[in-house]
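Notes follow the structure.
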Amino acid sequence: MAKIKLSRKERGVKRSYLVDIIMYSMLLLLGLVMAIPFVFAFSNSLKPLSEFFYFPPRLLVENPTLKNFKDLFRLMSDSWVPFSRYIFNTVFITVVGTAGHILLASMCAFALAKHKFPGAKLMFMLIVTSLMFRGEVTQIPSFMIFSKLRLVDNYGAYILPALCSTLGLYLIKQFMEQMVPDEILESARMDGASEFTVFTKIAMPMVKPAVLTLLMLSVQGLWNIGGSVYIRREELKTLNFALSQIMTGGIARSGTAAAAMVLMMIVPITIFIFSQSNIVETMSTSGMKD
Amino acid sequence: MSDHKNRDIKASAARLWKEIKKNRVSYLFCAPYFILFCIFTILPVAMSMFLSFTSFNILEPPVFVGLQNYVRLFFSDRIFIEKAVGNTFAIAAIVGPVGYLICLFLAWMLNELPRILRMLFTLIFFAPTIAGNIYFTFTYLFNNDSQGYVNALLIKYGIIQSPILWFQDEKYMVTLIIIICLWTSIGTTFLSFIAGLQGIPDHLYEAGAIDGVRNRWQELWYITLPSMKPQLMFGAVMSITGAFGVGSIVTALCGLPSTNYGAHTIMNHLEDFGNVRFEMGYASAIATLLFVIMIGTNALIKRMLSRVGE
């Protein structure tokens with residue numbers, strides 16, 4: 001990936017500086033607009049209560065305080081179900097769901113990318129087609145299936161559908177196909193390695209960027225799960241659900257709600273920051289041929 | 001004659017079975033994922049299509065009613081025809097293409113920035129997609145009373161006299177939803193474009209310059225875009241799917257139903273009949289229609305994109 005871009009002179013293409021200035025100011029402007037809600041959330045999470053009653057309200061905090069975070073933790077400890085339970089639920093489903101998704105999706109992707117067998121094309125076509133519609137469309141039959149499988153009020157309702165998320169499979173399959181050379185796999189087979197060893201010892205280490213991408217996508221999905229129609233028991237509900245309850249508390253709770261929001265987004269954003277270059281590398285093979 | 005045919009079929013079936021047995025390892029690799037995929041994705045689509053031809057309320061077994069649900073949907077459901085279809089297509093027609101172009105523009109601009117700046121901007125633009133609840137801040141920014149930031153500013157400068165009920169007023173709902181959707185639309189599409197751009201080898205640009213490419217727009221159209229066609233396809237699929245599926249944001253911000261169905265989308269209509277009224281057969285017809293619209297638009301756009309750079 002490391003590559004030095006040619007300067008415009010070397011490329012020999014004429015560009016006016018005026019257009020450059022216009023376009024980069026647009027970029028900057030868009031960046032600022034995109035950042036507003038984040039600045040807003042961070043700033044609110046540090047505001048003392050009195051600053052919420054300014055008229056007109058201000059975007060930035062004047063006397064930052066950590067009181068909102070303290071309030072948030074106090075509210076948490078007062079809740080009916082111990083708050084640690086919500087945290088456990090979210091961490092549990094995120095870890096199990098992500099690990100399972102990575103394992104199942106890469107196994108399937110390996111076969112689809114590197115084996116030739118009847119039905120492989122059809123399977124991949126079904127997966128690509130499923131990228132073209134949203135899961136919510138089929139919520140009614142899904143509900144029937146979930147209740148038949150006794151997944152209502154069960155961690156499985158969060159985890160099982162996440163295991164077979166299709167975007168992850170698509171990305172890792174494309175990456176394997178283009179980044180893992182057949183010759184290396186073939187020579188390992190010649191040496192007598194079983195297919196499972198070929199998969200774990202040779203293919204998987206070569207697709208680390210794709211694995212990190214699946215990790216990011218899967219954590220992002222599972223960590224942010226809020227209320228679910230399949231979960232009614234309070235002690236099975238997620239952190240995001242509990243925190244969004246706080247967010248509906250009106251202006252007096254605005255600070256605490258902002259603190260909750262800030263805490264929630266730390267995990268997925270940190271993961272993205274650390275895996276960003278790997279994700280971009282994975283996306284380089286994401287393309288679709290007709 | 002038919003005997004001969006039978007023998008042919010039998011022979012090819014036997015051959016297929018042999019093929020399958022030979023490849024059993026491949027099937028074992030696929031099985032865990034694919035079985036779950038069938039249960040949670042394919043089966044629901046099939047059931048939805050089946051149920052769309054029935055009358056079904058979950059308690060009693062479904063009764064076959066033919067095309068009745070579709071007839072009702074197209075000819076007598078005024079909320080669907082007058083509100084849901086219009087809003088869905090209006091939102092999709094703006095969020096899809098504009099979001100797509102914003103992603104392309106941003107990726108194109110970022111591509112020439114130094115690495116650190118590029119990573120910083122990528123984070124800023126992608127963050128709304130990964131930070132789950134962040135769109136809730138819009139409820140504060142566009143709050144109903146004079147404490148809402150936008151209302152406060154407008155009142156301060158004397159543009160309005162009394163606060164606007166942003167998410168309850170029919171005049172503003174759809175526009176706001178579009179803005180918020182655009183704001184969260186810079187997702188996988190954008191990342192895919194960034195990667196596509198970085199993968200274009202420099203010698204293509206050099207060759208282009210020799211062949212008479214004169215400015216950045218020609219460079220974009222004749223070299224950059226054709227070289228990243230597969231990413232453009234993938235991005236289009238992700239954008240279209242997102243743009244037609246707008247629904248839960250409307251429910252979260254404007255309620256279900258929104259005032260006078262002002263921001264009602266097909267997705268909301270589906271929610272309304274499925275989760276509130278329990279008319280499952282009818283809701284399934286809505287779902288099937290939305291499914292067909294999504295797949296159909298994708299097919300259409302793919303055909304259009306295959307002509308880029310010609």
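Each chain gets a letter, A, B and so on, in the order the sequences are listed, and its residues count up from 1.
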Per-residue contact mode, A/I279 against chain B (heavy atom under 4.5 angstrom): side chain
Output field: ring centroids B/F234/A/Y170 closer than 6.0 Å: yes
Quick check on A/F199 against chain B: is it the side chain, the backbone, both or neither that has a heavy atom closer than 4.5 Å? side chain
Let me know if A/I145 has heavy atoms under 4.5 Å from chain B in its side chain, its backbone, both or neither. side chain
Against chain B, label A/T129 side chain, backbone, both or neither, depending on which of its atoms sit under 4.5 Å from a heavy atom there. both
Contact origin within A/T166 toward chain B - heavy atom pairs under 4.5 Å: both
Quick check against the 3.5 Å criterion: does A/Q220 have a side-chain atom that pairs as donor or acceptor with the backbone of B/T129? yes
Residues that A/E195 engages under side chain to side chain donor-acceptor pair (under 3.5 Å), provided they are two or more places apart: A/H115, A/R189
Indicate every side-chain donor-acceptor pair of residues 280-296 of chain B with a distance under 3.5 Å to a residue at least two apart or in another chain.
{"unit_1": "B/Y282", "atom_1": "OH", "unit_2": "B/D77", "atom_2": "OD2", "d": "2.5"}
{"unit_1": "B/S284", "atom_1": "OG", "unit_2": "B/M280", "atom_2": "O", "d": "2.8"}
{"unit_1": "B/T288", "atom_1": "OG1", "unit_2": "B/S284", "atom_2": "O", "d": "2.7"}

If only atom types and distance count, is the side chain of A/N224 paired as donor or acceptor with the main-chain N or O of B/I130 below 3.5 Å? yes
Proximity breakdown for A/L149 and chain B, heavy-atom pairs closer than 4.5 Å: side chain
With a 3.5 Å cut-off and no angle check, do the side chains of B/S192 and A/S286 form a donor-acceptor pair? yes
Tell me, side chain or backbone of A/F110 under 4.5 Å from chain B's heavy atoms, or both, or neither? side chain
Exam field: side chain B/S48 to backbone A/P141, donor-acceptor pair closer than 3.5 Å: no
